[in-house]
Asker: 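What follows is a structure written as structure tokens; I'll ask about it next.
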Amino acid sequence: MTATQARSAGASRDDALVTVTGLRVDAGPDRLVHPLDLTIRAGERVGLIGESGSGKTLTALSLIGLLPDELRHGGTVALRDSSDDLLNAPERELCGLRGRRISMVFQEPMTALNPLMQVGKQVSEVLTQHRTLPNRREVRERVLGLLESVRLPDPERLLRAYPHQLSGGQRQRIMLAMAFANDPDLLICDEPTTALDVTVQRQVLDLLDEAVRSRGTSLLFVSHDLAVVARTCDRVLVMQHGRVVESGSVTDVLTAPRHDYTKQLLAASRLEPTAGGARRGAGSPPETGSGAGAGAPTGSEGPAGTERPAGAAELSEAAEPLIRVSGLHRTHRSRRRTVHALKNVDLQVRAGDRIGIVGESGSGKTTLLKILAGLDRPTSGSVSVCGVDVARASKRSMRRLREQLQTVFQDPMGSLDPRMTVREIVEEPLIGHSGARSGRERRELTARSLESVGIPASAAERYPHQFSGGQRQRISIARALVTDPDVLVADEPVSALDVSVQAQVLALLNRLVDERGLTLLMVSHDLAVVRHLCDRIVVMRHGEVVEAGPAERVYGAPEDDYTRALLEATPSLDRVLAEKPSRGGTGDRPPQP
Amino acid sequence: MIRAVGGRVLRFVLTLFATSVLVFAFMRILPGDPAEVVLGTGATEEALERTRAEFGLDRPLAEQYWDWVSGIPVGDFGVSFITGEDISPVVLDRLAVSLILVVSAMALALLVAVPLGTWAAVRHRRADGIAISAATQFGIAVPNFLAGMLLVAVFALGLGWLPANSWMPPAYDPVQFVLHLILPVVALAAVQAAVMTRYVRTAMLDVMGEDWMRTARAKGLSTFQALRRHGLRNAALPVLTVSGIQLTTLVIGAVVIEQVFVIPGIGSELLTAVAGRDLLTVQSVVMLLALITLTVNFTVDLLYLVLDPRTAVQR
Amino acid sequence: MSGTNAAAAGGPAGPDRPPARGVGLLRMLPVTGKIGLVVVAGIVVVALVSLVWTPYDPLQAVPEDRLSGSTLQHPLGTDRYGRDVLSILMAGAQITLLVGCVAVAIAAVVGTPLGILAGMRRGWAEELITRGADMMLAFPALLLAIMAGAVMGASTWSAMIAIGLAAGPGFARVARAGTLRVMSSDFILAARGASQPETRIARRHVLPNIFDLVVIQASVTFALAILAEAALSFLGLGTPPPEPSWGRMLQGGQDYLAVAPHLTVWPGLAIALAVLGFNLLGDGLRDVLDPKTRGRR
């Protein structure tokens, strides 16, 4: 009843569905969210943008009264027709509202569902809990309808499935079905697609868009991804360190940002190609500064150079391939089934190439890197790296190979041993190195390597936890470069970092690859990142290479359907903004029926 | 599913086999000649030979092992070297007494621990939750035989409400049977309840931190409803595992408690056999206790297949 | 409890943590952990003092003073032979600590490397070790000690070895779980990528990273060892007379429960206090050191 009222009143400008006044959240003496005001009108879609630790999730949780108990809060949250003060409402009252008038979808689909309960029961629970429907039969009908509406295949069978039998995308659809079960007035989404592959992200976002628009549901969408927010929302708030630094309509904020932080975020999320075809073709130095210059370096994160020695790449054309992979297969056999991680992969890399390997989870891209780095063995096929046959290499030649080929890993937390000092970490590849080195030599090389990535050598006796995420990734790069390798392999080197830090680390990688004339092999799920650094692209899917070629060509005129789908699914801020009707208003357009 | 069960049964049988070999080896390979134990150190070589032949100790070890182990499934443990009597009837009688003790203690402990542990978890930041945690800390620090002695001092010797010790068969006098059972069971269960309360609390706290509990609350379930409908079953899994393992501790605890209350259980039998160096009886009782433990853990393993849909698929 | 809250509220500190050692570790211990530490330290001091001084000779029987309650001469009374209870208690701390130390050492030395091996070498080695550990669960310390007592005769050493062996699987289990977590880290891949031999990876990466877990397990096992030793001595299968032992004091006290309850109360209190101390210390260490529970309480 209230829902219909809300919807019919949606057009009225001053009719706020949710009014947040002076909301603040404290953990002990630390203020996590500074007093914040926010109004969400009926049918309005509001985006909340911020990096980790910005307080965006806590703000979202406050609106549904699910803040962790140990945090203290202040201010008021009013929900029209229900409560003037949700924050201090009795638990009974909140229970009546959650799942009925306010719903929420969380970030991690793998853990958001009870592993021991059939998903059909988990969806129907939200209906029975609020006694929305008179009897079991109708509840069942409704659940089936909901599962169908989120386009899940074979809803009858899914009713009895357990969460572990579903993929991440399917689970997130179940969450959506649950959220829409009682036709809520407000839907809160906390990074709902961050854990999903791009193509799946797109499907889920499409569903969300459609459902929200057709029902006139108000939406609070929390995300770090500007492009995703831009495509979904009318209005945005940008949060940094627990404060809202800028707010306004999507078009206003994202085309003409006023606050420095917003500008930074925008610059960082618009990665331009730095290597590209330009390097090989005209030889003129491409623009690199856009990402690096914009980031305000924190402390020791120094600015990255943009100069590039001319002619470093010229040698590569005629030279013998540095890496030659042909007919590579890798299968994992378990008792139950055989998984083909790699199927018939061919790849040639010349010295000085910058290869980007793109693919979604399960595409085999990481397995390929591991085999190249000698961390995994091929099942069949031949792999030769720097003249060493990886499949048949002796221990000694493998060791030589590993000195020439070094790896930068994804997670800057996990790739540095927390019990070792930075010096011990960086010098590890030198221990047992073919040319045995004295302790002093090792120390010198370590210091030099650290300085080349912008970490002062004086920091070498500290432990990893004393550094920020970006700095740790620099340390990881220093470790990779300490043996002076020819090939640098990077496995999702920036995907664990906040956008503003990503740009700095990418600029650093770019500079080092240039200065040292390295061959770069980078794996990423993020097409923009790959395009930023690489001049050749390899697209992988289900363990196979579906397309390979120069970056310009692959991005400009993809030949394979999957590549096209991938490119299309990747949210692009510029494309979204171009498609948005340019209007000054803040999304008070009447909802479609 | 069938495959999963089959795998577990196979593993169980292999473990039983390995255990029996271990027990046999431990009792035979360690220094000490059973025949000498029977006759004393002063026995002549001739007498030793005769005794060895009498009990089959002169045969190859493998044969002796097979003789012993093949009798176990049919409840035949052989003849005691010391008393010359069949071991099985006595041992099985006494096992029944101990099992009554152990099972009632476990039931009582769980009856206390599940609500108390849940309460302590839900209110883990409040005074009462912290008080329960603190109480369990003290509870697990008290050896069960000390708890038994203190109970006797207060309720038997002090207040005179209950008998201080000894055992009454249920067929003889059911009321006295229960009265005699109370103090030893409470002594065993008190310490066990403290241990289990801690496990239940931890399991509940883990569950309460799960994302899907937040999902449940976002659906409109109250904290209590979310715990009842989603939390309990998930928390039950680790508690079940621990209960299986704790049952072993309880069986051993019973051995000690039987000494305090002078109860003719398997523990008393074992200790008498140890004092009399009745090796075959010790060996059989130990095997029997291990068998019980392994069977309980095997059952828990099978229960998992029913309770957790993930296990049937994964392995 | 308040100590950990501040650390947890830091937020993005994440799964890795400062290598808390020495004074820093002491400061981070929750209040209960500090109490545990004080109790443990107190018992160690008492044991050390008893080596050079006790109020009376703990073995000296004075028949005319038998079964006396608390008096000025004997603050905790005397036993049935007229020996000073306080002196026996002090001397008994030695055995308690000795049994704990040796049992924990055996368990840690046997269990930890096997656990690391099982975690690093998957496949049959892991299967064999975990199955073996599961099987050992069917033989608690007491049962092993009883078997050892049956075959070799009871002694402090047979008790210590039995308790140590029975506690080994606990260490193996903890070490294996920790090793599996460490082995899934990228820094292990990095070390392998740097051609580091497995033994060096075990020594330089795995062991330092699971060391905290082993320390926690040691503290908890120490408490279990004290309980097991007390039970064994109570059954007459542990420390033989006349060597002072808390468990045997309880055995002696049982016959005089009605007339001289102090013979039960004091050693009982000593055992409970020692166990409590080690448990509190272990829990406190877990709060500070174990990444899984950090910040939950």
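Here is how names work: the chains are called A, B, and so on, in the same order as the sequence lines, proteins then strands, and each is numbered from 1.
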Asker: Measure B:Leu289 against the heavy atoms of chain C and call it side chain, backbone, both or neither at under 4.5 Å.
Answerer: side chain
Asker: Do you know which of B:Val142, B:Val296, B:Val260 has the most heavy-atom pairs with chain C at a distance under 4.5 angstrom?
Answerer: B:Val260
Asker: Could you tell me if B:Thr281 and B:Glu269 have a donor-acceptor pair between their side chains, going purely by distance under 3.5 Å?
Answerer: no
Asker: Taking atom CZ of B:Arg123 as the centre, does the number of heavy atoms from other residues, nucleotides or ligands within less than 6.0 Å exceed 12?
Answerer: yes
Asker: Quick check on C:Leu232 against chain B: is it the side chain, the backbone, both or neither that has a heavy atom closer than 4.5 Å?
Answerer: neither
Asker: Test B:Ser98 against B:Glu258 for side chain to side chain donor-acceptor pair (under 3.5 Å), laying out the working first.
Answerer: CA-CA 8 Å; B:Ser98 292; B:Glu258 282 165 16; 2.5 Å; yes
Asker: Do the non-hydrogen side-chain atoms of C:Trp246 and C:Ile88 ever get within less than 4.5 Å of each other?
Answerer: no
Asker: Is the shortest heavy-atom distance from the side chain of B:Ile140 to the side chain of C:Asn279 under 4.5 Å?
Answerer: yes
Asker: Answer yes or no: are there more than 12 heavy-atom neighbours, outside B:Phe12 itself, under 6.0 Å from its atom CZ?
Answerer: yes
Asker: What part of C:Leu235 is in contact with chain B, defined as an atom under 4.5 angstrom from a non-hydrogen atom: side chain, backbone, both or neither?
Answerer: side chain
Asker: Non-hydrogen atoms of chain C under 4.5 Å away: do they reach the side chain of B:Leu22, the backbone, both or neither?
Answerer: side chain
Asker: Quick one, C:Phe234 with C:Gln254, criterion side chain to side chain contact (heavy atoms under 4.5 Å, CB included). Give me CA distance, side-chain angles, the key distance, then yes/no.
Answerer: CA-CA 10 Å; C:Phe234 177 79; C:Gln254 197 186 356; 3.6 Å; yes
Asker: By number, which residues in residues 219-229 of chain C have some heavy atom less than 4.5 Å away from chain B?
Answerer: C:Leu227
Asker: Which residue in the set B:Val251, B:Val285, B:Val286 passes side chain to side chain contact (heavy atoms under 4.5 Å, CB included) when paired with C:Leu143?
Answerer: B:Val286
Asker: Atom CG of B:Asp278 and atom CD of B:Gln283: how far apart are they, to the nearest 0.5 Å?
Answerer: 10.5 Å
Asker: Any donor-acceptor pair under 3.5 Å linking the side chain of B:Ser268 with the backbone of B:Ile263?
Answerer: yes
Asker: Which one of B:Val255, B:Leu291, B:Val256 has the most heavy-atom pairs closer than 4.5 Å to chain C?
Answerer: B:Val256
Asker: Answer yes or no: is there a side-chain heavy-atom contact under 4.5 Å between B:Arg11 and B:Leu14?
Answerer: no
Asker: Does a salt bridge link B:Arg198 with C:Asp283, judged by any charged N lying under 4.0 Å from a carboxylate O?
Answerer: yes
Asker: Assess the side chains of B:Thr136 and B:Thr197: does a donor N or O sit below 3.5 Å from an acceptor N or O?
Answerer: no
Asker: Strictly less than 4.5 Å between heavy atoms, which residues of residues 261-273 of chain C line up against chain B? Please order them by number.
Answerer: C:Thr264, C:Gly268, C:Ile271, C:Ala272
Asker: Measure B:Ile292 against the heavy atoms of chain C and call it side chain, backbone, both or neither at under 4.5 Å.
Answerer: neither
Asker: Need one label for B:Ile252: side chain, backbone, both or neither, based on atoms under 4.5 Å from any heavy atom in chain C.
Answerer: both
Asker: Side chains of B:Arg201 and B:Ser133: donor-acceptor distance under 3.5 Å anywhere?
Answerer: yes
Asker: B:Val282 versus chain C, heavy atoms under 4.5 Å apart: side chain, backbone, both or neither?
Answerer: side chain
